[in-house]
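Start at 1 and go down the list; that is how both ligands and their atoms are numbered.
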Amino acid sequence: MHFKQLSVLALAGHAFAQQTPTLAQALNATAELSQLSTVLGLVPELVQALSSAQNITILAPSNSAFGRVPNATLQGLTSNTGILSALLQYHVLNGTYRAAQITNSSAFVPTLLTNPLFANVTGGQRVRAIQSNGKVSFFSGLLDNSTVSTADVNFTGGVIHIIDHVLTLPESASKTAVAAGLTSLAGALNATNLTSTVDNLRDVTIFAPANAAFQAIGSGLANLSAADTTNILTYHVVPGVVGYSSGLQNGTVIPTVNGQNLTITINNGSVFVNNAKVVIPDVLIAGGVVHVIDAVLNPSNRTIVNPTASAGAPAFSGASSATNAPFTSGVPTPSRSVAAAGPSASGSSPVGSAGAAPKQTAAVGAILGLGAAMVHFL
Ligand SMILES: *[C@@H]1O[C@H](CO)[C@@H](O)[C@H](O)[C@H]1NC(C)=O
Ligand SMILES: *[C@@H]1O[C@H](CO)[C@@H](O)[C@H](O)[C@H]1NC(C)=O
Ligand SMILES: *[C@@H]1O[C@H](CO)[C@@H](O)[C@H](O)[C@H]1NC(C)=O
Ligand SMILES: *[C@@H]1O[C@H](CO)[C@@H](O)[C@H](O)[C@H]1NC(C)=O
Ligand SMILES: *[C@@H]1O[C@H](CO)[C@@H](O)[C@H](O)[C@H]1NC(C)=O
Ligand SMILES: *[C@@H]1O[C@H](CO)[C@@H](O)[C@H](O)[C@H]1NC(C)=O
Ligand SMILES: *[C@@H]1O[C@H](CO)[C@@H](O)[C@H](O)[C@H]1NC(C)=O
Ligand SMILES: *[C@@H]1O[C@H](CO)[C@@H](O)[C@H](O)[C@H]1NC(C)=O
Ligand SMILES: *[C@@H]1O[C@H](CO)[C@@H](O)[C@H](O)[C@H]1NC(C)=O
Ligand SMILES: *[C@@H]1O[C@H](CO)[C@@H](O)[C@H](O)[C@H]1NC(C)=O
Ligand SMILES: *[C@@H]1O[C@H](CO)[C@@H](O)[C@H](O)[C@H]1NC(C)=O
Ligand SMILES: *[C@@H]1O[C@H](CO)[C@@H](O)[C@H](O)[C@H]1NC(C)=O
């Protein structure tokens, strides 16, 4: 009798120790996630959905990740449950992805963010997952990245990774262009009244020329009619497909909004589209993805530059460089840190000059962070 009772207790204790915690228990048991628990408390419907979900991965910002969000932004966020829900849904991957499954080649993983007020990517807005030097990182809007500090915390619905920065919701094409210092493109879209059309596209790939690319052919652009400019801009927009870098293939021919095709060529990881080189791939936007390129594409000159070249080549013969970046007057200047890190609106580095690409990388990479990014929604 005595023995029997003991063994039942021992078994019960054993079973308890083995039991996978529920989401609430896992969050509650992790001191670093107390802030996340508090924030989740503001959106009970989402918590209920997540608690019963199976096969998900939660990217859980640590308390110090929340500590990096400016107070005003956090206040705005917590007083708007629509935005908060969208942001939190963006932190949930559809599928169980253990750290070991994330490799050193980029994966664009779908999240539970499908609300068209915040994302127009079929199957759910993506994060870019990658492992490098033993660290797992997730890239979100504006190329912001979050690194996993504690991986593979099990719960009944899947797995939790604790991350060091709150993810940034990918923004519209035009806001991303402004924030990233692609102000010539932003201004050109505005000047042709294409901004809202481009921003509202679902599943789109945009090849976005850097300011230096527009500047290099500035004299030619100055003489264009609005219709000609529209004809050029629409040649940079691929409708109906989100072409992340991981899916681009050598020789792929893709139709654009313009009607003419673009040709992708790839050599040793170096990606070209017609005459232009992709200098910054995979900037996630609300409707898909942007790849920054170093030359403006020309629907009337679809020359394919050999992808072994170190840079793209201008496709507008006879056009010469302008003093200022075209189309930028009236476009808001990016935040101070962007302007400081990248070329200014009247930047003097012509495309193709050594250092143009790294400068542009800095411009895009140094952007804002969640704080300023979120403010656009508030
Ligand atoms: C969370 O942990 C506290 C003790 O640390 C406990 O009192 C509480 O019941 C727990 N809540 C849940 C939902 O597990
Ligand atoms: C937010 O405000 C608290 C005081 O209320 C302060 O300790 C903290 O540093 C502030 N955080 C940020 C990111 O500004
Ligand atoms: C998760 O992805 C599957 C396909 O792999 C899809 O059927 C399902 O609807 C997605 N779930 C959510 C919540 O988006
Ligand atoms: C989990 O989700 C992933 C991605 O949607 C899917 O490929 C996989 O089959 C799912 N596994 C289970 C057990 O449902
Ligand atoms: C998604 O597309 C719809 C319809 O075009 C549009 O109203 C909405 O603003 C778009 N969402 C975002 C985040 O751009
Ligand atoms: C990730 O972001 C940090 C800033 O938070 C930056 O210093 C670092 O270079 C970024 N890492 C990569 C691989 O871009
Ligand atoms: C988490 O779950 C996986 C798969 O079921 C298992 O291999 C692993 O040992 C578990 N980790 C812990 C800490 O229980
Ligand atoms: C853009 O829209 C404005 C206001 O509707 C109009 O005045 C202007 O002519 C339009 N520009 C073009 C290039 O269509
Ligand atoms: C890419 O395609 C081009 C023709 O479109 C071909 O000449 C080249 O060899 C291909 N390169 C690779 C790396 O396959
Ligand atoms: C674009 O490419 C497709 C497939 O290669 C072809 O059928 C179509 O005619 C091309 N369009 C133009 C305008 O050249
Ligand atoms: C077409 O583009 C190629 C390569 O970018 C350039 O060498 C050539 O001069 C351009 N031709 C015209 C007519 O613009
Ligand atoms: C957009 O274009 C309008 C004219 O259609 C102009 O008044 C406005 O200043 C421009 N805004 C930006 C941000 O370029």
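- Residue contacts with ligand 9: Thr263 is excluded, as none of its non-hydrogen atoms falls under 4.0 Å.
- Every N/O-N/O distance between Thr265 and ligand 9 stays at or above 3.5 Å.
- Neither the backbone nor the side chain of Ile304 has a heavy atom within less than 4.0 Å of ligand 9.
- Distance check: Leu284 CG to Tyr90 OH gives 5.0 Å after rounding to the nearest 0.5 Å.
- Interatomic distance, OG1 of Thr229 versus CZ of Phe327, reported as 4.5 Å (0.5 Å rounding).
- Near Asp199, the atoms of ligand 5 lying under 4.0 angstrom from a non-hydrogen atom of the residue are 14 (O).
- Remark: the Ser320 side chain and the Ser219 side chain contain an N/O donor-acceptor pair separated by less than 3.5 Å.
- Residue Leu88 is tested with Leu77, Leu50, Leu36 for a side chain to side chain contact (heavy atoms under 4.5 Å, CB included); the sole match is Leu36.
- Other members of the cluster containing Val238 are Phe207, Tyr235, Val241, Leu248, Ile254, Leu262, Ile264, Ile266, Val271, Val273, Val278, Ile293, Leu297, with ILVMFWY side chains joined at under 4.5 Å, either directly or via other members.
- Under 4.0 Å from ligand 5, the heavy atoms of Leu117 that appear belong solely to its backbone.
- At least one heavy atom of Pro116 sits less than 4.0 Å from an atom of ligand 5.
- Connectivity analysis of hydrophobic side chains (ILVMFWY, heavy atoms under 4.5 Å, direct or indirect) links Ile130 to Phe139.
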Can you give the donor-acceptor pairs under 3.5 Å from side chains of residues 107-115 to other protein atoms, not counting sequence neighbours?
residue, atom, partner, partner atom, Å
Thr111, OG1, Leu113, N, 3.2
Thr111, OG1, Gln125, O, 2.7
Asn115, OD1, Leu117, N, 2.9

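- Within 4.0 Å of ligand 3, protein heavy atoms come from Asn94, Leu112.
- In this model, no donor atom of one side chain and acceptor atom of the other lie less than 3.5 Å apart for Thr308 and Asn267.
- Annotation for ligand 5: atoms under 4.0 Å from non-hydrogen atoms of Phe118 are 13 (C).
- Of the inter-residue distances, the one linking His291 atom NE2 with Asp282 atom CG reads 5.0 Å to the nearest 0.5 angstrom.
- Between the side chains of Ser149 and Asp164, no donor-acceptor pair of N or O atoms lies under 3.5 Å.
- Those atoms of ligand 5 with a heavy atom of Ala286 less than 4.0 angstrom away are 13 (C).
- Only the side chain of Asn120 comes within contact range of ligand 5, with a heavy atom under 4.0 Å; no backbone atom does.
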